[in-house]
J.: 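Okay, handing you the structure first.
Side chains are part of it too, since the values below use all heavy atoms of this structure and drop only hydrogens, waters and symmetry mates.
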Amino acid sequence: MEVINIKKILIIEDDLSLSSGIAIALKDNELSFVQAQDLNSARIQIKNTNFDLIILDINLPDGNGLDFLKELRRNSTIPVIILTAKDMETDVVTGLELGADDYITKPFSLMILRARVQTQLRKVDSITVDQIQLDNFKFDFVKMEFLKKNASIELSKTEQKLLRILLENRGHTLTRACLVDAIWTNSAEYVDENALSVTVKRLRDKLEDIPSSPQYIKTVYGIGYTWVVT
């Protein structure tokens, strides 16, 4: 079963007409947009929403977009496309050095912007996890080594499959049906409807500090589960 997620894009641009024009030009059934006209608003939005892409202007009323990018990159890998004036080559170089994934120079073609955005979103879709380090965790799916605070964790093959798909789609809610299909699709055995709940509980018991109040593997009631981006 294919996982279909609505991609969320944050546009940080103080020119409201330009910001709205970008949202209109990129309008798609699988995309949603949030507009922020300053950095303070952007920080609030990022705190409350898991975005798949940020379009970031450099010159903003309450600060410099490059400083914001540097701040963002301390704990986030969200793809960022920076917007910059055509003659500000130094901004482009600095932006890329600070971790921007792409840039668009003003004035720009909305068709080119759409192509650049789709390229970044395809990269997000193609993310697979072999080795990853998150907070106090180190997971190596190739060597099948899993650590929490440098202490080894033993995971069953089913728990490994569940962990991997949650990490590959972290920040997104996966339906129960999708998870069952992804984890047990090649199994010839009948899968009890409670099998997923049991596997989630076992994984939480091994990973979460307080399994009854999980920080990472959250239940989205009536839908499924998500690995929360902290």
Side-chain angles (χ1 to χ4, degrees), residues 2-128 168-174 220 226-230:
E2 183 182 2
V3 178
I4 299 177
N5 294 306
I6 302 296
K7 299 294 189 300
K8 295 180 283 293
I9 299 176
L10 175 61
I11 304 171
I12 309 174
E13 166 63 63
D14 63 322
D15 184 335
L16 187 56
S17 60
L18 175 57
S19 178
S20 299
I22 291 172
I24 292 170
L26 298 178
K27 186 177 181 181
D28 187 285
N29 289 336
E30 294 185 6
L31 300 179
S32 66
F33 301 91
V34 173
Q35 296 169 248
Q37 292 181 266
D38 55 54
L39 295 178
N40 185 54
S41 299
R43 290 186 182 96
I44 294 171
Q45 293 294 342
I46 290 171
K47 183 178 180 180
N48 295 323
T49 305
N50 297 316
F51 290 100
D52 297 282
L53 176 68
I54 294 175
I55 298 174
L56 173 65
D57 188 21
I58 288 180
N59 297 310
L60 293 156
D62 56 347
N64 186 287
L66 295 177
D67 292 333
F68 176 79
L69 175 60
K70 185 177 181 180
E71 171 190 325
L72 183 72
R73 281 293 176 256
R74 290 176 189 148
N75 55 20
S76 174
T77 59
I78 301 172
V80 174
I81 298 176
I82 58 173
L83 301 179
T84 181
K86 188 173 183 178
D87 59 347
M88 296 300 289
E89 185 175 292
T90 54
D91 285 347
V92 173
V93 173
T94 302
L96 294 174
E97 289 177 344
L98 290 174
D101 297 89
D102 202 348
Y103 68 91
I104 298 286
T105 55
K106 297 178 181 179
F108 54 85
S109 159
L110 290 174
M111 287 183 64
I112 290 176
L113 176 61
R114 172 182 281 275
R116 299 284 185 90
V117 165
Q118 291 300 328
T119 295
Q120 294 305 320
L121 292 177
R122 280 195 296 270
K123 289 180 181 179
V124 171
D125 283 337
S126 67
I127 291 174
T128 58
E168 288 177 346
N169 294 274
R170 55 192 181 275
H172 298 291
T173 299
L174 301 178
V220 181
T226 184
W227 182 285
V228 175
V229 177
T230 58

J.: Would Asp52 and Leu121 count as a side-chain contact (heavy atoms from CB on, under 4.5 Å) here? Give the steps.
T.: CA-CA 7 Å; Asp52 297 282; Leu121 292 177; 4.1 Å; yes
J.: How close do Leu110 and Ala25 get, heavy atom to heavy atom, and via which atoms?
T.: CD1-CB, 3.7 Å
J.: Is it the case that the side chain of Arg73 and the backbone of Gly99 share a donor-acceptor pair, with hydrogens and angles ignored and the cut-off at 3.5 Å?
T.: yes
J.: For Arg116 and Ile104, indicate whether the former's side chain and the latter's backbone hold a donor-acceptor pair under 3.5 Å.
T.: no
J.: Taking all atoms of both residues into account, what is the closest heavy-atom pair of Leu98 and Leu66, and its distance?
T.: CD1-O, 3.4 Å
J.: Once you round to the nearest 0.5 Å, how far does CD1 of Ile9 lie from CG of Leu26?
T.: 6.0 Å
J.: Taking only residues two or more places apart in sequence or in another chain, which ones pass side-chain contact (heavy atoms from CB on, under 4.5 Å) with Ser19?
T.: Ile11, Glu13, Gln35
J.: So how far is it from Ile78 CD1 to Asp101 CG, rounded to the nearest 0.5 Å?
T.: 10.5 Å
J.: Report the distance from atom CG of Leu83 to atom NZ of Lys106, rounding to the nearest 0.5 Å.
T.: 5.5 Å
J.: Taking all non-hydrogen atoms of both residues into account, name the closest pair between Val80 and Leu53 and its distance.
T.: N-CD1, 4.3 Å
J.: Go through Ile46 and Phe68 one step at a time and tell me if the side-chain contact (heavy atoms from CB on, under 4.5 Å) criterion holds.
T.: CA-CA 12 Å; Ile46 290 171; Phe68 176 79; 3.5 Å; yes
J.: How close do Phe33 and Ala23 get, counting heavy atoms only, and between which atoms?
T.: CE1-O, 3.7 Å
J.: Within the 4.5 Å heavy-atom criterion, are Val228 and Thr226 side-chain neighbours or not?
T.: yes
J.: What pairs with Arg114 under salt bridge (Lys or Arg N to Asp or Glu O under 4.0 Å), at least two apart in sequence or on another chain?
T.: none
J.: Could you give the distance from CD1 (Ile112) to CZ (Phe108), rounded to the nearest 0.5 Å?
T.: 10.0 Å
J.: Check side-chain contact (heavy atoms from CB on, under 4.5 Å) between Gln45 and all other residues, then give those that pass, not counting sequence neighbours.
T.: Leu10, Val34, Thr49, Phe51
J.: Would Gln120 and Ile55 satisfy side-chain contact (heavy atoms from CB on, under 4.5 Å), going step by step from the backbone distance to the final call?
T.: CA-CA 11 Å; Gln120 294 305 320; Ile55 298 174; over 6 Å; no
J.: Atom CG in Leu69, atom OG1 in Thr94: separation rounded to 0.5 Å?
T.: 10.0 Å
J.: Please determine whether side-chain contact (heavy atoms from CB on, under 4.5 Å) holds for the pair Val220 and Leu174, giving the CA-CA distance in whole Å, both sets of side-chain angles, and the decisive distance to 0.1 Å.
T.: CA-CA 9 Å; Val220 181; Leu174 301 178; over 6 Å; no
J.: List for me each residue that meets side-chain contact (heavy atoms from CB on, under 4.5 Å) alongside Ser17, sequence neighbours excluded, and say none if there are none.
T.: Asp15
J.: How long is the gap from CH2 on Trp227 to CG on Asn169, to the nearest 0.5 Å?
T.: 13.0 Å
J.: Minimum heavy-atom separation for Asp57 to Asn59, with atom names?
T.: OD2-O, 3.1 Å
J.: Output all residues satisfying side-chain contact (heavy atoms from CB on, under 4.5 Å) with Asp62, sequence neighbours left out; order by chain, then residue number.
T.: Asp38, Leu39, Asn40, Leu60
J.: Can you sort out the partners of Asp91 under salt bridge (Lys or Arg N to Asp or Glu O under 4.0 Å), two or more places apart, ordered by chain and number?
T.: none
J.: How close do Ala42 and Ile12 get, heavy atom to heavy atom, and via which atoms?
T.: CB-CD1, 3.5 Å
J.: Okay, side chain of Thr119, backbone of Ala115: is any donor-acceptor separation there less than 3.5 Å?
T.: yes
J.: Glu71: what forms a salt bridge (Lys or Arg N to Asp or Glu O under 4.0 Å) with it, not counting sequence neighbours?
T.: Arg43
J.: For Lys8, does the NZ atom sit with more than 12 other heavy atoms under 6.0 Å from it, leaving out its own atoms?
T.: yes
